[in-house]
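For reference, the structure is listed below as structure tokens.
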Amino acid sequence: MSVYLDNQAAKPVDDRVIAEMMPYFNEKFANPASLHCDGDIATDILEKSREMVANFVNAPDRSDIIFTSGATESNNLGIIGAAMRQKKKGNHIIISEIEHISILNIAKYLEKEGFRVSRVAVDRFGIIQLEKLEKLISDDTILISIATASNEVGSLQPIAEISKLAQEKGILFHTDAVASASVIPIDVQKIPIDLITLSSNDIYGPRGVGALYMKKGVRVNPIIIGGGQERGFRSGSENIPGIVGFAKAAEITKEEMPQESERLKKLRDKLIKGVLETIPKSHLNGHPEKRLPHNAHFRFDYIEGESLILTLKEHNIAAATGSACSSKTLEPSHTLIAMGLLHEEAHGSLLVSLGRTTRESDVDRLIEVLPEQVKRLRKLSPLTPSDLLKQYEEVK
Ligand code: PMP
């Protein structure tokens with residue numbers, strides 16, 4: 001069995017979620033659009049599921065939830081949909097320098113469509129600088145989109161403050177909450193965010209389903225046109241088994257979050273301490289405290305993150321260098337560069353993300369294997385300075 005420490009790339013579907021989904025594949029499989037009794041059953045479960053997902057973010061009304069095929073689509077609907085809807089009001093959008101690649105590419109698309117996009121800078125911990133955000137706002141700003149947390153370095157963003165600022169200026173605020181949804185509660189009645197991207201898999205539900213929360217009164221233009229499902233905001237027959245699974249995942253996650261986040265935080269802190277204390281020239285990327293409870297992102301001088309991942313693979317440990325969605329490019333992470341790291345520093349990263357199935361023994365195993373493997377790679381690296389090699393020889 002491998003030690004799976006890549007929960008930000010994919011999470012296992014919870015068994016309780018799978019059990020809930022099963023009848024909707026071949027027993028209760030009807031289309032909610034059908035007028036017969038089986039169609040009514042499908043409509044009932046669709047609306048019950050919508051209620052459960054609405055509950056997850058404490059939305060006042062279930063109609064605030066639009067089901068989609070996942071986070072990428074929700075980001076498209078939330079950002080492109082809002083931008084197109086408000087085109088007459090203004091053409092300026094603000095995102096951050098460290099958004100998920102789906103948002104960076106949506107921003108590029110909108111620029112081609114004539115919108116002006118500003119990218120707010122982050123500090124060395126990967127946290128948005130509010131004063132810089134405020135300075136970017138102009139009369140034609142129609143939308144701000146900033147994720148709740150960095151999906152790479154785990155830094156938590158000042159979402160309440162950004163939401164307040166946007167509200168004061170009459171600007172829509174969209175947040176991609178995917179990275180934090182399993183571990184940090186969202187309450188739209190406390191923080192009145194306009195648009196929120198949610199994804200089922202990131203809370204231990206099936207992949208290929210997600211949602212866009214849309215505050216009452218906020219409107220977006222649909223980007224998928226068809227039969228008018230989801231109140232016309234997202235056409236296409238609903239993925240009922242997926243939606244049922246997503247809703248169950250939301251219910252379980254909300255219920256278990258307080259204890260689970262605490263448990264993960266303890267494991268994360270043990271891991272961070274274990275790594276930084278045993279490996280010389282190792283660093284934690286992101287903020288030491290304001291970070292996701294299940295995220296530890298390290299940097300080791302003189303070695304390449306990819307080599308380390310392959311070495312860990314040989315020891316049956318699954319971890320990542322950064323965002324899975326950008327892992328096929330050999331470019332250094334845009335997040336780390338935005339935080340002010342040099343290219344060579346950005347290349348030595350290791351992203352460890354814990355999850356519901358992570359046990360203390362998994363963390364212990366990584367702490368046991370990692371120092372030896374970092375040392376091995378450093379001995380092979382032409383970049384390793386002789387005093388560090390000597391230090392390694394001395395402790396042998
Ligand atoms: N946003 C964030 C923060 C993500 O981490 C991901 C990937 N898990 C996405 C969006 C895109 O999700 P998907 O590929 O499921 O559409």
Side-chain angles (χ1 to χ4, degrees), residues 17 20-21 24-25 28-36 38-87 102-103 106 109 143 145 172-178 181 186 188 192-203 205-251 253:
V17 166
E20 201 75 16
M21 291 170 69
Y24 295 93
F25 285 104
K28 304 176 189 176
F29 56 84
N31 190 322
S34 299
L35 297 177
H36 47 64
D38 291 345
D40 290 346
I41 293 173
T43 301
D44 286 350
I45 194 64
L46 174 62
E47 292 313 313
K48 183 173 167 236
S49 302
R50 199 185 303 283
E51 182 88 45
M52 288 159 78
V53 175
N55 237 331
F56 184 68
V57 294
N58 201 23
D61 196 325
R62 69 167 188 256
S63 66
D64 301 342
I65 299 296
I66 306 297
F67 287 116
T68 66
S69 67
T72 300
E73 190 191 322
S74 297
N75 283 339
N76 274 264
L77 181 60
I79 302 173
I80 300 176
M84 294 302 180
R85 186 81 177 201
Q86 299 192 92
K87 220 173 173 175
S102 59
I103 293 185
I106 287 169
Y109 167 79
L143 178 70
S145 178
L172 287 184
F173 175 40
H174 165 263
T175 191
D176 177 341
V178 168
I186 306 166
V188 294
I193 302 163
D194 297 297
L195 296 153
I196 305 176
T197 288
L198 297 167
S199 152
S200 158
N201 185 242
D202 284 273
I203 54 170
R207 240 179 271 183
V209 55
L212 181 70
Y213 158 80
M214 220 161 66
K215 191 165 84 184
K216 271 275 138 336
V218 171
R219 285 286 175 274
V220 297
N221 280 1
I223 51 169
I224 297 181
I225 317 291
Q229 289 90 345
E230 298 296 299
R231 296 195 289 128
F233 288 113
R234 200 282 183 183
S235 287
S237 298
E238 294 88 348
N239 167 9
I240 298 293
I243 289 171
V244 167
F246 180 18
K248 185 68 185 170
E251 185 184 72
T253 300

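- For E230, the salt bridge (Lys or Arg N to Asp or Glu O under 4.0 Å) criterion is met by R50, not counting sequence neighbours.
- The number of heavy-atom neighbours closer than 6.0 Å to CZ of F29, taken from other residues, nucleotides and ligands shown, is 12 or below.
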| task | Check the pair L212, F233 against side chain to side chain contact (heavy atoms under 4.5 Å, CB included), reporting the backbone distance first and the verdict last. | result | CA-CA 10 Å; L212 181 70; F233 288 113; over 6 Å; no
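- Between atom CD1 of residue I80 and atom CG of residue L77 there is a gap of 9.0 Å, rounded to the nearest 0.5 Å.
- Between the CD atom of Q86 and the CG atom of L172 there is a distance of 4.0 Å, given to the nearest 0.5 Å.
- Side-chain atoms of S199 do not come within 3.5 Å of backbone N or O of G70 as any donor-acceptor pair.
- A donor-acceptor distance shorter than 3.5 angstrom exists from the side chain of T253 to the backbone of I203, with no hydrogens or angles considered.
- With sequence neighbours left out, S237 forms a side-chain hydrogen bond (donor to acceptor under 3.5 Å, both in side chains) with N31.
- Once rounded to the nearest 0.5 Å, the distance linking CZ of F246 with CG of N239 reads 11.0 Å.
- Between the side chain of S235 and the main chain of G226, a donor-acceptor pair closer than 3.5 Å is present.
- Contacts of N58 classified as side-chain hydrogen bond (donor to acceptor under 3.5 Å, both in side chains), with partners at least two apart in sequence or in another chain: D187.
- Remark: D40 engages no residue in a side chain to side chain contact (heavy atoms under 4.5 Å, CB included) (not counting sequence neighbours).
- A donor-acceptor pair under 3.5 Å is absent between the side-chain atoms of E20 and the main chain of G245, judged by distance alone.
- Put simply, the side chain of D64 does not reach to within 4.5 Å of the side chain of M214, judged on heavy atoms.
- A distance of 11.5 Å separates CD1 in I41 from OG in S34, rounded to the nearest 0.5 Å.
- At a threshold of 4.5 Å between non-hydrogen side-chain atoms, the residues V53 and F67 count as touching.
- Side-chain contact check for R231 versus I66: some heavy-atom pair is nearer than 4.5 Å.
- In this structure, the separation between CD1 on I193 and CD1 on I186 is 7.0 Å, given to the nearest 0.5 Å.
- T72 has its side chain out of reach of S74: every pair of non-hydrogen atoms, C-beta onward, lies at least 4.5 Å apart.
- For R62, the salt bridge (Lys or Arg N to Asp or Glu O under 4.0 Å) criterion is met by E47, E51, not counting sequence neighbours.
- Considering only residues two or more places apart in sequence or on other chains, N75 meets the side chain to side chain contact (heavy atoms under 4.5 Å, CB included) condition with S102, I103, I106, H174, D176, T197.
- Residues passing the side chain to side chain contact (heavy atoms under 4.5 Å, CB included) test with E251 are M52, K248, sequence neighbours excluded.
- For D61, the salt bridge (Lys or Arg N to Asp or Glu O under 4.0 Å) test picks out K216, with sequence neighbours left out.
- When the side-chain hydrogen bond (donor to acceptor under 3.5 Å, both in side chains) test is applied to N201, no partner is found at least two apart in sequence or on another chain.
- Not counting sequence neighbours, the partners of I45 by the side chain to side chain contact (heavy atoms under 4.5 Å, CB included) test are Y24, K48, S49, I240, V244.
- No side-chain heavy atom of I65 sits less than 4.5 Å from a side-chain heavy atom of F56.
- Legend: residues meeting salt bridge (Lys or Arg N to Asp or Glu O under 4.0 Å) with K87, ordered by chain and number and at least two apart, are absent.
- For residues 220-229, the set of pairs meeting the salt bridge (charged side-chain N to carboxylate O under 4.0 Å, His left out) definition, not counting sequence neighbours, is empty.
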